[in-house]
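Notes follow the structure.
Here the structure is a predicted model, which is why all the values come from computation and not from measurement. Per chain, numbering begins at 1; letters A, B, ... match sequence-line order.
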Protein chains: 2
Amino acid sequence: MGIIRKTASIDLLLNEFEQESNAISAVDLIKRLDKQINKTTIYRVLDKLEDDGVLHSFLGFNGVKWYAKCKGCTKSVHKDFHPHFQCLSCGTVDCLHIHVEIPEIPNREVLFSQLLIQGKCETCAV
Amino acid sequence: MGIIRKTASIDLLLNEFEQESNAISAVDLIKRLDKQINKTTIYRVLDKLEDDGVLHSFLGFNGVKWYAKCKGCTKSVHKDFHPHFQCLSCGTVDCLHIHVEIPEIPNREVLFSQLLIQGKCETCAV
DNA sequence: AAATTTATTCAAACTAAGTTGCATTAATAA
DNA sequence: TTATTAATGCAACTTAGTTTGAATAAATTT
Ligand SMILES: [Mn+2]
Ligand SMILES: [Mn+2]
Ligand SMILES: [Zn+2]
Ligand SMILES: [Zn+2]
């Protein structure tokens, strides 16, 4: 279940996502807010914000969890599915608001898919 | 660097992949070969087999590492890139030998991509 | 405004996947 | 057959994330 009470931890975390347009890893948030919020709380608040359709999560290329703001999702309807991009030079991760067509696969039912693209971002590309 | 000496551990691991057409997770291999090979050795041999173009690896939806046989890769040329499929009912993971077109992204250089599709496999689909 | 309820927080201990260092074993070459 | 050196096993470690239960803070009731 999502967030019920407005607390300081929630404000601090939401603020990080206001300041930043890119995705932020849970590990990085723990570092950034080290002195202010306990890591258990960070994981729990992120989880709740995801339930509420405020954030969405995905795994980066080495398996760590990243979070980014949702566009137009609600507690009941999560519709903001899209690929993610990880820059191999600077490490930046962000959402790609493009549609990639997943082909039909014979005899299989496709329910979800996650696409992680790696390469060089705007600033790092030659 | 890849494998230099043929050892019992390598034979045991390769045998697992002979018996199985699907991908196998590192965790599962450690369980299967518990009495026969140390887990450190398993991770190290898998790593070398990947270097040699015998196996390739990818992360499942929860971030654990999976391995599957390569088709036509060598130590110097790794060309067997493709999406993977994870069945939400039975947990089976396998390689999809299909091509999914990754669109151009303005101002970014796409180098790699990994696509993990989730759904129901042949046996589990209704 | 105080009391009560209940959600949230923190610290500490724990888990699971994977890695590292080093002594020992065993393939292969000499 | 001996010497060389890759491969292995073991234990300890790392990192990301989870669980626990008591303490605290927010919301609601009185
Ligand atoms: Mn996103
Ligand atoms: Mn594959
Ligand atoms: Zn970059
Ligand atoms: Zn299945």
Distance under 4.0 Å to a non-hydrogen atom of chain B counts as contact; along DNA chain D, which nucleotides mark the start and end? D:dT5 to D:dA11
Over how many whole Å does the gap from [X] atom [atom1] to [N] atom [atom2] extend?
X	N	atom1	atom2	value
A:Ile37	C:dC10	CD1	C1'	12 Å
B:Asp28	C:dA17	CG	C1'	14 Å
B:Glu50	C:dG18	CD	C1'	14 Å
B:Lys39	C:dA17	NZ	C1'	7 Å
B:Asn38	C:dC22	CG	P	17 Å

Evaluate side chain to side chain donor-acceptor pair (under 3.5 Å) for B:His78 paired with B:Asp80, printing each intermediate quantity in order. CA-CA 6 Å; B:His78 291 262; B:Asp80 190 17; over 6 Å; no
Determine whether more than 12 heavy atoms belonging to other residues, nucleotides or ligands lie under 6.0 Å from atom CD of B:Gln19.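 Yes - once you tally the heavy atoms of other residues, nucleotides and ligands closer than 6.0 Å, there are more than 12.
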Using a cut-off of 6.0 Å, state whether more than 12 heavy atoms not belonging to A:Glu18 lie near its atom CD. yes
For A:Ile30, report the nucleic acid contact type (base, sugar-phosphate, nothing); a contact means any heavy atom under 4.0 Å.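 The residue A:Ile30 makes no contact with any strand.
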DNA chain D contacts among residues 2-15 of chain B, heavy-atom distance under 4.0 Å: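 Per residue number, the list reads B:Ile3, B:Ile4, B:Arg5, B:Thr7, B:Ser9.
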Where along residues 40-48 of chain B does a heavy atom fall under 4.0 Å from DNA chain D? B:Thr40, B:Thr41, B:Arg44, B:Val45, B:Lys48
Between A:His99 and A:Glu101, does any side-chain donor sit less than 3.5 Å from a side-chain acceptor? yes
If you assign each of A:Gln36 and B:Leu59 to its closest nucleotide in DNA chain C, which residue comes earlier from the 5' end?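 Whichever sits nearer the 5' end wins; that is A:Gln36.
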